[in-house]
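Structure record follows, encoded as structure tokens.
Convention: sequence-line order gives letters A, B, ...; per-chain numbering from 1.
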2 protein chains.
Amino acid sequence: MSPEVNDAANDDAGGDPGTVRPGGRTARVRAAVLRTAGDALAEHGFARLDLADVARRADVGKSTVYRRWGTVAGLVADLLTDMAEQSLPRTETGSLLGDLRANAELVRSTLADPRQGALFKAVIAAATTDARTAESLHRFYEIRVAEWAPCVEHAVLRGELPKGTDPYEVIRAVSAPLYYRLLTSDAPLDEAAGARAAEAAAAAAKAGVYA
Amino acid sequence: MSPEVNDAANDDAGGDPGTVRPGGRTARVRAAVLRTAGDALAEHGFARLDLADVARRADVGKSTVYRRWGTVAGLVADLLTDMAEQSLPRTETGSLLGDLRANAELVRSTLADPRQGALFKAVIAAATTDARTAESLHRFYEIRVAEWAPCVEHAVLRGELPKGTDPYEVIRAVSAPLYYRLLTSDAPLDEAAGARAAEAAAAAAKAGVYA
């Protein structure tokens with residue numbers, strides 16, 4: 001299980017009281033279908049994703065899947081919504097570099113995870129040709145960037161960064177080299193790459209590049 | 001025509017003396033086929049690229065295309081080789097920031113160009129599922145990064161950057177935020193984004209992040 005994106009199926013805790021997520025049949029069906037869709041995307045990509053196949057593999061009625069998600073793009077949109085909802089909240093370490101390192105390590109370990117890395121590649125590829133998937137993907141990143149942006153805002157308040165620093169640009173700057181490495185090279189997404197991404201974003205932010 | 005990647009067809013100067021590229025029939029056929037393949041990729045993506053269709057649109061015999069390129073992945077590999085060969089050489093402005101700004105503007109304007117942006121998206125998407133295309137794409141970036149790396153080496157020699165700075169990492173750091181923006185958002189690839197990418201890479205390099 002990736003640290004950034006919990007698996008939907010594991011988060012559906014059935015009727016267990018005290019858990020955050022309600023565990024009715026509808027939630028269980030959604031979790032099973034999204035888990036299966038994620039597996040299928042990671043294994044075979046968007047082009048081979050098929051609602052009837054997902055229903056069969058998830059052991060859910062085909063009509064339920066078609067009624068609830070309608071299309072492959074609709075299913076991927078819901079998967080991305082769930083991934084954003086299930087993603088871990090930000091870490092606060094008390095320093096900009098500490099927070100950006102935590103963010104970088106979360107992104108890095110997610111992309112380095114075989115299933116999650118393949119899943120992100122598949123969705124990014126699909127977004128290049130499918131407008132609805134592109135919209136869902138952009139929304140996913142907006143949510144994740146907004147979750148981490150307060151780390152930068154706090155650093156400005158602490159006087160670590162120039163006033164007027166754009167928090168969103170700093171958080172995006174942490175992710176960018178990791179996604180670039182994933183998509184344009186076969187270099188490993190090792191911990192050094194994550195640390196460097198955080199340090200580069202912090203150095204550029206301190207130099208006032210994002211202000 | 002994009003500033004980073006010249007169009008193959010325009011570079012094939014027929015038998016015109018004084019041009020760099022030899023202009024025999026073989027070169028003209030290659031130029032026409034690669035131009036057509038690039039157009040088709042930009043318009044419809046890798047999944048719908050078809051050798052027979054490219055041959056018809058390029059007005060070249062189908063058997064010639066199959067004999068010379070064999071497969072769609074083979075054709076895309078040759079297109080990427082040609083794009084790397086035709087790409088503009090680095091600019092030397094005398095300062096690290098000037099050189100990185102020139103590099104960023106070249107990448108930015110290429111990705112912002114409708115045809116070239118769509119072409120890069122299509123090839124990056126294809127590389128997520130096709131191993132041969134991934135290899136060709138990685139090679140393309142290795143060549144382009146190596147072309148610009150001496151800007152960083154010269155900055156080290158001039159004392160602008162710490163000794164031991166990894167020139168490849170600095171050049172990749174310029175491109176990363178531009179590709180990230182292209183693939184994960186609908187934000188425009190404007191000149192400000194290019195300038196910021198260059199300034200961030202320069203600031204991080206000066207802070208010793210890549211040493």
Okay, A/E135 and chain B: the region with an atom under 4.5 Å from a heavy atom over there is neither
Looking only at B/S175, B/A127, B/A47, most heavy-atom pairs under 4.5 Å shared with chain A are made by B/S175
Scored by heavy-atom pairs under 4.5 Å with chain B, the best of A/R181, A/K206, A/E169 is A/E169
Ranked by heavy-atom pairs below 4.5 Å to chain B, first place among A/F46, A/Y141, A/Y210 goes to A/Y141
Interatomic distance, OH@A/Y180 vs CD1@B/I124, rounded to 0.5 Å, equals 8.5 Å
Between the CZ atom in A/R144 and the OG1 atom in B/T184, the distance rounded to the nearest 0.5 Å is 13.5 Å
If you tally heavy-atom pairs under 4.5 Å between each of B/A204, B/A176, B/A201 and chain A, the highest tally belongs to B/A176
From the list A/S185, A/A203, A/A122, the residue making the most non-hydrogen contacts under 4.5 Å with chain B is A/S185
When the 4.5 angstrom heavy-atom criterion is applied to A/R139 and chain B, the contacting part is neither
Under 4.5 Å to a heavy atom of chain B? For A/A207 that would be side chain
Original post:
Is B/L183 close to A/L183 at the side-chain level, that is, under 4.5 Å between some pair of heavy atoms?
Top reply: yes
Cut-off 4.5 Å, heavy atoms of chain B, and the answer for A/A200 is both
**Report entry** Heavy atoms from other residues, nucleotides or ligands near OH of B/Y168 exceed 12 (cutoff 6.0 Å)
**Finding:** no
